[in-house]
Amino acid sequence: PGVRVAAVGSGTPAESAGLLPGDILVRLDQAPIIDLRTYAEALKARQPGQTVRLAFTRDNRERIVEIVLQPR
């Protein structure tokens with residue numbers, strides 16, 4: 001389960017949070033990220049400017065970062 005990060009754009013909240021290609025997103029706030037669809041649904045339920053807690057795994061270790069969402 002989860003969504004693997006394929007790329008991290010320059011100047012994005014993901015870059016600011018330290019995400020790297022290969023990280024696996026597993027939770028947005030309390031919403032589990034099972035696949036790309038659940039990730040998209042969790043993002044749609046939030047607004048640009050909102051701060052969220054993103055849990056991801058890297059090297060079999062879970063990490064949590066706070067990210068301020070930006071409009072696409």
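In what follows, residues are counted from 1 in the order of the sequence shown. Any value given below was found using the heavy atoms of this structure, including those in side chains, with hydrogens, waters and symmetry copies removed.
Closest non-hydrogen pair, A55 versus E62, comes out as CB-OE2, 4.0 Å.
Looking at heavy atoms from C-beta onward, Q70 lies out of side-chain contact with P48 at the 4.5 angstrom threshold.
Between the side chain of T57 and the backbone N or O of N60, no donor-acceptor pair lies under 3.5 Å. The main-chain N or O of A42 is found under 3.5 Å from a side-chain atom of R46 such that the two form a donor-acceptor pair.
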| Can I64 and R27 be said to form a side chain to side chain contact (heavy atoms under 4.5 Å, CB included), step by step? | CA-CA 9 Å; I64 299 174; R27 207 169 43 258; 4.0 Å; yes
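Distance check: S16 OG to E66 CD gives 13.5 Å after rounding to the nearest 0.5 Å.
Scored by the side chain to side chain donor-acceptor pair (under 3.5 Å) test, R37 finds E41 as partners (sequence neighbours excluded).
Here Y39 is tied into one hydrophobic group with V3, V5, V8, L19, L25, L28, I33, L36, L43, V52, L54, F56, V65, I67, L69, each link being a pair of ILVMFWY side chains closer than 4.5 Å.
Using a 4.0 Å cut-off between charged nitrogen and carboxylate oxygen, R58 and D23 count as a salt-bridge pair.
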